[in-house]
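First comes the structure, then the notes that go with it.
Atoms within each ligand, like the ligands themselves, are counted from 1 in listed order. Values in this document were obtained by computation on a predicted structure and should not be read as measured data.
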Amino acid sequence: MKVLVCGGAGYIGSHMVAHLLENNHEVVILDNLQSGHKSSVLGQKLYVGDLRDSEFLDKVFTENKIDAVIDFAANSLVGESVTNPLKYFDNNIHSVVKLLGAMNKHGVKYIVFSSTAATYGEPESTPIQEEDRTFPTNPYGESKLAVEKILKWCDKAYGIKYTALRYFNACGAHVNGQIGEDHNPETHLIPIILQAASGVREKIMIFGDDYNTKDGSCIRDYVHVSDLASAHLLALKRLQNGGDSRIFNLGNGKGFSVKEVVEVARKVTGINIKAEVAERRAGDPAILIASSDKAINELGWEPKFNSLETIIETAWKWHSAHPNGYNE
Ligand code: UDP
């Protein structure tokens, strides 16, 4: 099938593109390159432009017979979303409204949408199930939850079938070492730890060690980016086979504390990565762990990278070869 990957030059999007190609599908990539990297999708059909531009979207859908859409195009910095919520509501919600409009106009009936664990906010219980309360604690999570609701109404009105995938902590890199994580600024734990390992930064700051967890640091569920990609393709196939619109969590169901992640990274890299305890970061829940039983049972998802060591090995392969990311 021919899949339009919006945000396909970004971190998760570029791994999705690779996965689609590995499975003999055709891809058309749309990215405004605000945070994406052209070189992550070299040789592929890339339209550079913004989803909020209706004429541009019309051109992409007219020039290509698209069978389905996977949408990763969004701003995703939690802290920035708190200080600049309108940027998030405009880019993350308005863009999907335009995209759904173009899909409806051009008769495209399937979309897989990149959602987030941030839709839950502070969890009521662990592991988090899809039916649990959604009460985002930041505009980023709010924007993704709003889109999930918009998708529901567009399914009813236009018959556009959707799957929303709520990711926990995306990490790792393609096993081929050619694509990986490169954000500017980088805020995510594993790339920051590996930048400290490769000497790009001096040390890593552990944001708080006074949480109510086993060692006081926050616990997260780390899921490999290629496993996320495989779940998207399964979700798309399920929709094409007549599956109804649904929401799934994607995580490994296992939590690691920040201190444990640093320890595993020291072991994998063989480098004594310097770490220092700092103040808590605003808005961080103590523990976020997914129940992914629904994705495993209903999508037939089989995450391959379910050990943190392997995940960090793949990330280290990318970071050690590309210490400055794509801009070498
Ligand atoms: N974290 C940290 N130091 C850093 C970056 C992150 O201690 O330099 C912690 C952060 O407080 C959280 C965990 O690592 O508990 C994962 O953060 P990340 O930003 O990677 O993902 P998030 O959980 O915010 O989606």
| message | Between the side chains of R166 and E130, is the shortest nitrogen-to-carboxylate-oxygen separation below 4.0 Å, so that they form an ion pair? | response |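 The answer is no: the pair does not qualify as a salt bridge.
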
| request: Identify whether the distance between the nearest side-chain nitrogen and carboxylate oxygen of D284 and R220 falls below 4.0 Å. | output: yes

List ligand 1 atoms under 4.0 Å from [X], heavy atoms only on the residue side.
X: C218; answer: 15 (O)
X: T187; answer: 5 (C), 19 (O)
X: M205; answer: 2 (C), 3 (N), 4 (C), 7 (O), 8 (O)
X: I192; answer: 8 (O)
X: Y222; answer: 13 (C), 16 (C)
X: I206; answer: 7 (O)

Just to confirm my output: which protein heavy-atom neighbour is closest to [atom], and how far is it?
atom: atom 25 (O) of ligand 1; value: N169 ND2, 3.6 Å
atom: atom 7 (O) of ligand 1; value: F207 N, 2.9 Å
atom: atom 17 (O) of ligand 1; value: R281 NH2, 3.4 Å
atom: atom 9 (C) of ligand 1; value: V258 CG2, 3.7 Å
atom: atom 11 (O) of ligand 1; value: D284 OD2, 2.5 Å

Mutual orientation of the aromatic rings belonging to [X] and [Y] [parallel < 30°, tilted 30-60°, perpendicular > 60°]:
X: Y11; Y: H183; value: perpendicular
X: Y140; Y: Y88; value: perpendicular
X: H232; Y: F72; value: tilted

| Nearest non-hydrogen atom to atom 6 (C) of ligand 1 belongs to which of L189, I219, T116? | L189

| request: Working to the nearest 0.5 Å, report the span between CD of E142 and CG of N92. | output: 12.0 Å

| Is the shortest distance from a heavy atom of F256 to ligand 1 less than 4.0 Å? |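 It does not; every heavy atom stays at 4.0 Å or beyond.
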
| field | Passing candidate, salt bridge (charged side-chain N to carboxylate O under 4.0 Å, His left out) with D244, options K161, K152, R238, K156 | value |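 It is R238, the one option of K161, K152, R238, K156 that forms the salt bridge (charged side-chain N to carboxylate O under 4.0 Å, His left out) with D244.
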
| field | Flag side-chain contact, heavy atom, 4.5 Å: R52 against N91 | value |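 Heavy-atom side-chain distance check passes, below 4.5 Å.
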
